[in-house]
Every structure is written in structure tokens, then in C-alpha cells.
Undergrad: 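Handing you a structure now.
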2 protein chains.
Amino acid sequence: MQITRQTEYAIRTLLELSRVPFGKLLQTRVISERQGIPEVFLTKTVQVLALAGLVQTQRGTQGGVKLAVPGDQITLADIITAIEGTLAINICLAENYSCPNMATCKVHQVFRRAQEAMLSELNSVTLSDLVETEKMQVSLENE
Amino acid sequence: MQITRQTEYAIRTLLELSRVPFGKLLQTRVISERQGIPEVFLTKTVQVLALAGLVQTQRGTQGGVKLAVPGDQITLADIITAIEGTLAINICLAENYSCPNMATCKVHQVFRRAQEAMLSELNSVTLSDLVETEKMQVSLENE
DNA sequence: GATAAATAAGATATAATTAGTCCACTATCC
DNA sequence: GGATAGTGGACTAATTATATCTTATTTATC
């Protein structure tokens, strides 16, 4: 019932990318150092994020990774879904699973409500929200 | 990010126990047959539920398993917690985990809100709620 | 007290998932 | 053409999930 470590790596990676001006590239080596993520494993994670359309990569000298869309258009739920596939707290809520008595099963209905409540929170916060707050805190500290 | 099959087994087991008069014993063999749960594995699951104080077991002839408390005092969240330990959608929300920057980490706070929203739903429904509805449906069908 | 019925406990097995590594390759910039 | 950075695929290791098997232990009942 927990997100995987890889999903956390993905969140932290995208947070790093949100902290630099939109369009700027960061190397996976830099991200892995800043966040303490195993480098080779991170490159795998980045590939998944790229496939999901959340980041874009560029090879060669001066290459790296950047956000594919601005940070205010990426929510935590987007990231979790990108790495873990459809977010379902029970198998009976997964996309291509059909429980014979889904229509009447009360447990199914409770799970669905619980999941929607959670998703609603995870969808209400974007990367920008998370780093905006950071900046505000820093400026307060500097006063 | 899903509950395990064992947790589902536990829920279905407790539902079966809620369907009989409070205090009545059911054998694990009967439960496993009704719910299609591997019998030996179910006995393990029952032991965990007993340890958590949700059911009581009795050995010997005429023995079996029964609810330790009435069904209106057991919620879905109780069952999940009994099997999986503390319910935490991210490791940073687990009980004995202390993230160095937990106080200021915005991601942590979002996860906490999301988890509480989910828990609130899972805590709002008891076993009795689930079987009460069943009975109502049955009586409607019989009209 | 013998017997049969039932759970308890612990060891072990198997499978699936998660986490991480290695290496040869391709693209890009200078 | 050399250095740099991501790509892709095969591989390994660790952990968790899902069981099974065997040997106790308890208890009702005859």
C-alpha cells in the first residue's frame, strides 16, 4: 500500500527540474547527486518519465533532461501514474479488471470513494505549487 | 500502491463472520470454501487477525473463528491496518520513519493530506454497514 | 482416557515485484 | 574525431507476496 522508491525518485527528479528555469537541461548525474539517487537507476526512471511525456531528454554534450510541460501542469498524481501505471488501491479498481459482482459489491464502492478522495488531493497540487512555496520561504528567511 | 491479496482475504473473512449471529464460530475450512481462499493460507491470515484483536479462535471439536467485537466496531481501515501494519502511502508517513526535513517538506504534507482523505473514507464504513446493506437488498429482491 | 476435530506454529518453497548494475550503442556538440 | 550524455537490453540481487507441509496443541465428546 505504498508508492515505490522509484516513484519517489521520480517526484524528487521532477522537483529538481522545476527549480530551474523552464527549458533548462539538467544532467541525470547532477540530479542523482543532489537527491542521492543511484545514477544508473535514475536514467531508467527518466526514460519512463520521458515515455509518459513528462520530461524531454537530449543526448550529447550539453545534453540532459528538462520538463516537457511547465510545472504548473504536472500534479503528483500524474507522476505516480506515470511510474506505476493506473493508480488503484485494490485490484478491483484497476482498469482492465472486471469483478463479477462489481455493480453490487459494497466493498468495491467504499474503495472507489476512498481512492477518489486520495486522488483528489494528489491532483490538487502541482510541481509549481511545491516549489513556489519553497521560494516564498527562502525570501522570508532572507528578510 | 495496492492492498495485498491477503488483506482482501481478511476483509472477505470478516464479512463472512459478520453474516452469522455475533458469537457464532465458523471453521476456517467453511470460510475458505465460501470465499475461494486457499485454506492453509487462510489460517495464517486468521492468526494475524486474532493477534490484532479482531477475531477470536477456539481449538478443538466445535472450534472455529468468531468476531472478537461486534461488526459495527470494525472498519475497513482496521482490517487493512491489522494485516499490513500501519497504513502509509509513502514511507515518509510510516510510524518509525523520520525524514530529516519532514517539518518543511511540502510533498510530505500533500501525502499526509491524501492519506487522511483516504483513511477517512475507509474508517467511515463498518462491517455492519456492509452486511446491513446486503440484507436490505435481499429483502427487496424477495418482494 | 481415547479419539477425532479443529486451530497454532514454524519451517520451507515458489513466484512476482522491486531495485539496482553492466555494457555496448547512438546521438550531439565542439 | 573525441568527449559527453542519454538508450536499450540483459542481467543480478533483494524483498515481498503467496502459498504449502509438517508437527504440535487444544478441546468436545463418547
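Chain letters run A, B, ... following the sequence lines, proteins first and then strands; every chain starts at 1. Values below: every heavy atom of this structure, side chains too, minus hydrogens, waters and symmetry copies.
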Undergrad: Please give, in whole Å, the distance from C/dT18 P to A/E84 CD?
TA: 8 Å
Undergrad: Less than 4.0 angstrom from a charged side-chain N to a carboxylate O is my criterion; do B/E8 and B/R12 meet it?
TA: yes
Undergrad: As a test of reading the structure: which of D/dT18, C/dC29, C/dA8 is closest to the side chain of B/T57, going by heavy atoms?
TA: C/dA8
Undergrad: What is the distance, to the nearest angstrom, from the CD1 atom on B/I3 to the P atom on D/dT18?
TA: 10 Å
Undergrad: Is there a donor and acceptor pair, one atom on the side chain of A/R59 and one on the base of C/dT26, closer than 3.5 Å?
TA: yes
Undergrad: Tell me which one of A/L26, A/L54, A/V46 satisfies side-chain contact (heavy atoms from CB on, under 4.5 Å) with A/L17.
TA: A/L26
Undergrad: To the side chain of A/T61, which of C/dT7, D/dA28, D/dT4 is closest?
TA: D/dT4
Undergrad: Taking only N and O in the side chain of A/Q58, is any of them less than 4.0 Å away from OP1 or OP2 of C/dC29?
TA: yes
Undergrad: What is the distance from CG of A/L25 to P of C/dT28, rounded to the nearest Å?
TA: 13 Å
Undergrad: Let me know the distance between CD of A/Q56 and C1' of D/dA5, rounded to the nearest Å.
TA: 16 Å
Undergrad: Do A/D78 and A/T81 have side-chain N/O donor and acceptor atoms under 3.5 Å apart?
TA: no
Undergrad: Calculate the interatomic distance between B/R29 atom CZ and C/dA8 atom C1'; express it in whole Å.
TA: 18 Å
Undergrad: Once you round it to whole Å, what is the distance between P of D/dA17 and CD1 of B/I83?
TA: 12 Å
Undergrad: Before accepting this row, confirm whether a basic side-chain N of the pair B/E121/A/R113 lies closer than 4.0 Å to the acidic partner's carboxylate O.
TA: yes
Undergrad: Checking A/V107 against B/L15 for the side chain to side chain contact (heavy atoms under 4.5 Å, CB included) test, could you report, in this order, the C-alpha distance in whole Å, the side-chain angles of both residues, the deciding distance, and whether it holds?
TA: CA-CA 10 Å; A/V107 181; B/L15 277 176; 3.7 Å; yes
Undergrad: Taking CD from B/Q62 and P from C/dA5, how many angstroms apart are they, rounded to a whole number?
TA: 11 Å
Undergrad: Take the protein atom CD of B/E8 and the nucleotide atom P of D/dA19, then report the distance between them rounded to whole Å.
TA: 12 Å
Undergrad: Could you walk me through whether A/Q2 and B/I91 pass side chain to side chain contact (heavy atoms under 4.5 Å, CB included), step by step?
TA: CA-CA 7 Å; A/Q2 271 185 23; B/I91 189 171; 3.9 Å; yes
Undergrad: Listed in order of residue number, which residues of residues 36-49 of chain A have a non-hydrogen atom at under 4.0 Å from DNA chain C?
TA: A/P38, A/V40, A/F41, A/K44
Undergrad: By nearest nucleotide on DNA chain D, pick out whichever of A/M1 and A/Q27 is the more 5' one.
TA: A/Q27
Undergrad: Can a donor-acceptor pair be found, under 3.5 Å and without considering hydrogens, that links the side chain of B/Q35 to the backbone of B/Y9?
TA: no
Undergrad: Check this one for me: any side-chain N or O of B/Y9 less than 4.0 Å away from OP1 or OP2 of D/dA19?
TA: yes
